[in-house]
Amino acid sequence: MKHLVSIRDISREEILELIDLAGKVEKNPEKYAHALDGKIMATLFYEPSTRTRLSFETAMHRLGGRVIGFSDAKVSSAKKGESIADTIRMASAYSDVIVLRHFLEGSGRVAVEYSDVPVISGGTGIQEHPSQALLDVYTIYKHFGRLNNLTIGLLGDLRYGRTIPSLLYAISKFKDNKVFLFSPPELRTRMSVLNDVRDNIEAIIRQDLKSNIEELDVLYVTRVQKERFPDEASYERVKDFYVIDPEIARRMNKNSIIMHPLPRINEISYEVDSLPQAKYFEQAKNGVWMRMALLLKLIGETK
Amino acid sequence: MTDKKGMLVSKIKNGTVIDRIPAGKALKFVELMGLANEKHTLTIGMFVKSHKIGMKDIVKVHDRTLTKKELDALGLFAPGVTVSTIENYQVRSKVNLNVPDIIDEVLKCNNPTCVTNYREPIKTKFKVIQKEPLLVRCQYCDRVMLEENVLSQI
Ligand SMILES: [Zn+2]
């Protein structure tokens, strides 16, 4: 594993190794506090994503490394029309690893072509968000002790949510998983993504969550954004199907979990936060451990 | 009939013979390859009777060979075409064109937010994921294009 721009590029074994390493780091962070002393991570964020950037930066700082970069394309050279390729060439001359967040699909692959150092995608357009998927499966693994034989419900915007393809690709590396895809028809998972995973995942498309809620081990909630709908009325028509309140959460299995890549707006009500199923804040915390594992694996001395 | 066919194919000294073009498509093909602007001598045979495929077109381009990119485009446009390179009246090589596995440069991605549609020093690359009907996938953005999207570009 030299880069991480798509979960499709990595194997099940590599995912399990990362999970294992993230677990070790979480258990004993002091041991890794100087693992990346003297290394520099460049964060090139062409669209704002405070959460992902802070998570990566925290991970790097906790490993003893340093961070350079920009978090707004308006103040960077991109505004002057510099290509991704040129920016990457420059950044790869200055740093040991690059984290790229870009609004164009395929930008991660361009970065890989022009970088001399490992590239990690922090999200590329609507294509993928691989590090998010890794922290998601780490969270699932920590809770259930396995990544197979699970029933997972994905809810919300499954078409434009960049996390969804990455998560499906990650789940598809494991066996006997059943995935419910709950979304309004306009926001169904893209056909090309479904085709990629259909041999390994039993995928069931549903519009409404309510009839299958008891079956789920994991309910993964994403935000349904008003901007994705042609008009206000069609948004209003569906939006309430996709709000998780305590009543829905209580119908879930005792050992099940509710996840969300955050930030949430109103798709999970605050009263759910105190229920045992609510896992989204721990999930965010797991992001730092997993990103530490990722950095260690890509640029650590011992790997 | 064989005499006529023989004459059409063999009378070229150096260049390329593109044979078994679907009947009636030769002019479209000449346009596609930009051959109408190149001033190489062209010999075009249309609705030539063929024992194997009924009727076909033939195009002979004098003093010119085809690039890999042109062969790929041709394979998409008319799989089954044969391309012979002629040197000094002899057939130097002959290939039966098929839909290629990887298509470089020829196609444009129809995803407006694909990085290949922006000013980057890269060329498009598509993987053929199904030949019949054609499905290709952009190796940058992962967008899958259908046969009609591909053929409308050629
Ligand atoms: Zn593309």
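Naming: A, B, ... by sequence-line order, numbering from 1 per chain. The shown structure was predicted, so the numbers you read here are calculated from the model rather than taken from an experiment. Note that these values count all heavy atoms, side chains included, but never hydrogens, waters or copies made by symmetry.
No other option in B/P112, B/C114, B/P121 has as many heavy-atom pairs under 4.5 Å with chain A as B/P121. Taking chain B as the reference chain and counting heavy-atom pairs below 4.5 Å, the highest number among A/S192, A/S83, A/G125 is found for A/S83.
If you take CG on A/N195 and CD1 on B/I129, they are separated by 7.0 Å, rounding to the nearest 0.5 Å. Rounding to the nearest 0.5 Å gives a distance of 11.0 Å between OH of B/Y118 and OG of A/S107. One finds the CZ atom of A/R109 at 11.5 Å from the NZ atom of B/K125 (value rounded to the nearest 0.5 Å).
Within a 6.0 Å radius of CZ in B/R92, no more than 12 heavy atoms belonging to other residues, nucleotides or ligands are found. For A/K175, the NZ atom counts as loosely surrounded, since its 6.0 Å shell holds 12 or fewer non-hydrogen atoms of other residues, nucleotides or ligands.
Ion pairing of A/R190 with B/D142 is absent here, as no side-chain N (NZ or NE/NH1/NH2) approaches a carboxylate O to less than 4.0 Å. Using a 4.0 Å cut-off between a side-chain N of Lys or Arg and a carboxylate O of Asp or Glu, A/D196 and B/R137 qualify as a salt bridge.
Judged purely by atom type and a 3.5 angstrom limit, B/R119 uses its side chain to pair as donor or acceptor with the backbone of A/G81.
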Q: Check step by step if side-chain hydrogen bond (donor to acceptor under 3.5 Å, both in side chains) holds for B/Y140 and A/E113.
A: CA-CA 11 Å; B/Y140 284 91; A/E113 283 178 39; 2.4 Å; yes
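Only the side chain of B/N111 comes within contact range of chain A, with at least one heavy atom under 4.5 Å from a heavy atom of that chain.
No side-chain N or O of B/E120 forms a donor-acceptor pair with one of A/Y114 less than 3.5 Å apart.
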